[in-house]
Amino acid sequence: RFAMKKILIALGVILVLLVGALVALPILFKDKIIAEVKNVANESLTAKLDFRDVDISVFRHFPKLAVGLDELSITGTGHFDGTRLMYCKRLDLAVDLWSVLFGDKIAINGLYLNEPDIRVYVLSNGAANYDITKPSPEPAPAAEPEAAGGVIQLEHYAIRNGHIFYDDRSLDMRADLSGVEHSGSGEFTADIYDLITETKVQALSVDYGGIEYLSKAKADLQATINADMPNMKFTMKDNRLLLNELTVLANGWVALPNEEDITMDLTFGTPQNTFKSLLSLVPGAYTKDFEQVKANGSIQFAGMAKGTYNETTYPAFRLDFKVANADFKYPSLPLGVSNINVDAKINSPSSKIDDITVKIPAFSLRIGSNPIEGYFNLSKPESDPTVDTKIKGTLNLGELSKAFPMEGVQELSGIIRADILAKASMSQIDRQAYEQVQMAGDFSIQNIVYRSTDMPTVRINTLSTSL
């Protein structure tokens, strides 16, 4: 009994010493870790990296050592001098404890960004503020000594409650992602591995060419990508993207064979065929009472992209989109939209932009009591834009405001009437061969009033023309 008591006392002492050592380790090695982080950053980056403090713990990512950089910021230089690329409330690194205690280099196994604000800017000349890594030095003829600093042996990474803003002036594209939750894991040091990712976005907005395609949409992406690093080829395996209520599936691969080219062979489409799932993506349509919206009709959506993308070449692509016999009505609004039909095909069979064709042989809808219908065809968009289109109908803006939710709009009224036929090419107009141009019809606007919370009132009493 006495021997057992001594053993228990000894175990208790060892446990206290072990806990004490775990608490003391962060204090003892804090200066070494701070020096290593700054050393790696200064060796690798052209941007300015700064942080307020370092929080080190052996418990947060046990058995890894957690190194937290509080209020981390990365600020650009050169073209982007003073422009912040990232601010992060805390960037957590999961570090191999053995490498801290006995290694010459610190091995980083995990990367966690807590509440990051990432802002990416691309100028019209292609310069980007994320291009902050120093160029690799030319290899020396003799064997080089091992570099100082850390070793990245990443196994897992995550973004928690992040915000990402992307502004690309070269493409006239902007994207804003709020409430980003993302995680990824894989054997990143292997030549070939599966990258398993999960992503949720609370509000996704996309603007391209001045047109808003998504407005505060919810996004949920589950994806597994096979990464072949020696060939820089990435193949989609299991994936599912949910945008509000629309599910999109994609298959195929993307490769980066050199610094200039991106090659691909991709197909994508929707497994579901309900019009309501598509309606959820229309900016302004996904309201709080969307679950109670009555909607009917079917959709078909599929596409592909195959070939090479670089500064001078585009891959071949095709988009097929069809809506048949659709209608919808919001429970809080008196009117609905019916007789929605669209049959659209966009085809680019080669790498030449001029080969793109847009064919919409028929489209129609009825808002309240007024129908709108027509067709649209476009060819030779680069060398000689050629249009063949017809639109006929009446749009009562007062009825539109009673059929579709419009946040921030205080008043909308007026009548737009159109009965127009146009068949022409740019070359005909340039040659002033107006006898070959077919344009006929009437267009009129009456008593337009638009008043919203964020702009002055717009009024158009009368505007009309005859072709």
Side-chain angles (χ1 to χ4, degrees), residues 122 126 128 166 168 170-173 175 184 186 191-197 199 204 206-209 211 213-214 219-243 246-273 277-278 281 299-323 342-361 376-386:
V122 181
Y166 179 81
D168 192 332
S170 66
L171 297 175
D172 192 16
M173 174 183 174
D191 286 341
I192 300 175
Y193 62 89
D194 283 348
L195 170 61
I196 302 171
T197 67
T199 307
L204 168 62
V206 177
D207 182 292
Y208 182 74
I211 300 175
Y213 288 90
L214 293 174
D220 186 340
L221 174 64
Q222 311 286 327
T224 298
I225 301 171
N226 179 259
D228 181 353
M229 299 309 295
N231 297 306
M232 289 299 287
K233 183 176 181 180
F234 306 92
T235 303
M236 297 181 181
K237 296 179 72 175
D238 300 319
N239 66 89
R240 179 188 63 86
L241 171 62
L242 181 65
L243 291 169
L246 182 69
T247 300
V248 180
L249 301 181
N251 291 291
W253 55 267
V254 176
L256 290 74
N258 51 57
E259 294 184 359
E260 291 79 25
D261 297 333
I262 301 175
T263 59
M264 65 192 74
D265 187 355
L266 300 170
T267 59
F268 50 89
T270 56
Q272 65 207 104
N273 60 0
S277 63
L278 175 67
L281 288 186
I299 65 167
Q300 296 177 19
F301 173 70
M304 57 79 64
K306 184 176 183 178
T308 301
Y309 173 81
N310 54 37
E311 291 185 357
T312 59
T313 304
Y314 293 86
F317 67 89
R318 187 184 70 252
L319 293 172
D320 296 330
F321 175 68
K322 188 173 184 178
V323 177
V342 180
D343 186 1
K345 298 181 185 297
I346 303 174
N347 189 32
S348 178
S350 71
S351 60
K352 298 178 181 178
I353 295 179
D354 207 42
D355 289 339
I356 296 176
T357 59
V358 179
K359 296 182 179 181
I360 308 177
F376 178 84
N377 296 296
L378 171 68
S379 61
K380 300 179 182 179
E382 189 173 39
S383 66
D384 186 20
T386 302

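One finds the CD atom of Glu260 at 12.0 Å from the OG1 atom of Thr308 (value rounded to the nearest 0.5 Å). Rounded to the nearest 0.5 angstrom, Leu256 CG and Asn231 CG are separated by 11.5 Å. To the nearest 0.5 angstrom, Lys345 atom NZ is 12.5 Å from Asn377 atom CG. For the atom pair Met229 CE and Tyr193 OH, the distance stands at 5.0 Å (nearest 0.5 Å). Of the inter-residue distances, the one linking Asn347 atom CG with Met304 atom CE reads 8.5 Å to the nearest 0.5 angstrom. The distance from atom CG of Leu246 to atom CG of Leu278, rounded to the nearest 0.5 Å, is 6.5 Å.
One side chain, Asp354 or Ser383, offers a donor N or O that lies under 3.5 Å from an acceptor on the other.
When all heavy atoms are compared, the tightest approach of Leu281 to Leu214 is CD2-CD2, 3.9 Å. The minimum heavy-atom distance between Tyr213 and Ile211, with the atom names listed, is CD1-O, 3.2 Å. In this structure, Ile356 and Phe317 approach most closely via the heavy-atom pair CD1-CZ, 4.0 Å. Shown here for Leu266 and Gly252, the closest heavy-atom pair between the two residues is CD2-C, 3.9 Å. Contact record, Val122 with Ala128: CG2-CB, 4.0 Å, taken as the closest heavy-atom pair.
Judged by distance alone, with hydrogens and angles left aside, the side-chain atoms of Thr197 form a donor-acceptor pair with the main-chain N or O of Ala223 at under 3.5 Å. Thr386 places a side-chain N or O within donor-acceptor distance of the main-chain N or O of Asp384, the cut-off being under 3.5 Å.
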Would you be so kind as to tabulate the donor-acceptor pairs closer than 3.5 Å made by side chains of residues 233-242, with sequence neighbours excluded?
| from | atom 1 | to | atom 2 | distance (Å) |
| --- | --- | --- | --- | --- |
| Lys237 | NZ | Asp194 | OD2 | 2.9 |
| Asn239 | OD1 | Ala250 | N | 3.0 |
| Asn239 | ND2 | Ala250 | O | 2.5 |

Run the numbers on Trp253 and Asn226 for side-chain contact (heavy atoms from CB on, under 4.5 Å), then give the verdict.
CA-CA 9 Å; Trp253 55 267; Asn226 179 259; over 6 Å; no
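Pairs passing the salt bridge (charged side-chain N to carboxylate O under 4.0 Å, His left out) check and including a residue from residues 306-318, sequence neighbours excluded, read Arg318-Asp320. Listed by first and then second residue, the side chain to side chain donor-acceptor pair (under 3.5 Å) pairs involving residues 262-271 amount to none (not counting sequence neighbours).
Screening Asn251, Leu249, Leu319 against Phe268 for a side-chain contact (heavy atoms from CB on, under 4.5 Å) leaves a single residue, Leu319.
You'll find the side chain of Ile262 stays beyond 4.5 Å of the side chain of Pro315, heavy atoms only.
The aromatic rings of Phe321 and Phe301 sit perpendicular to each other, their planes meeting at more than 60°, with 30° as the lower class boundary.
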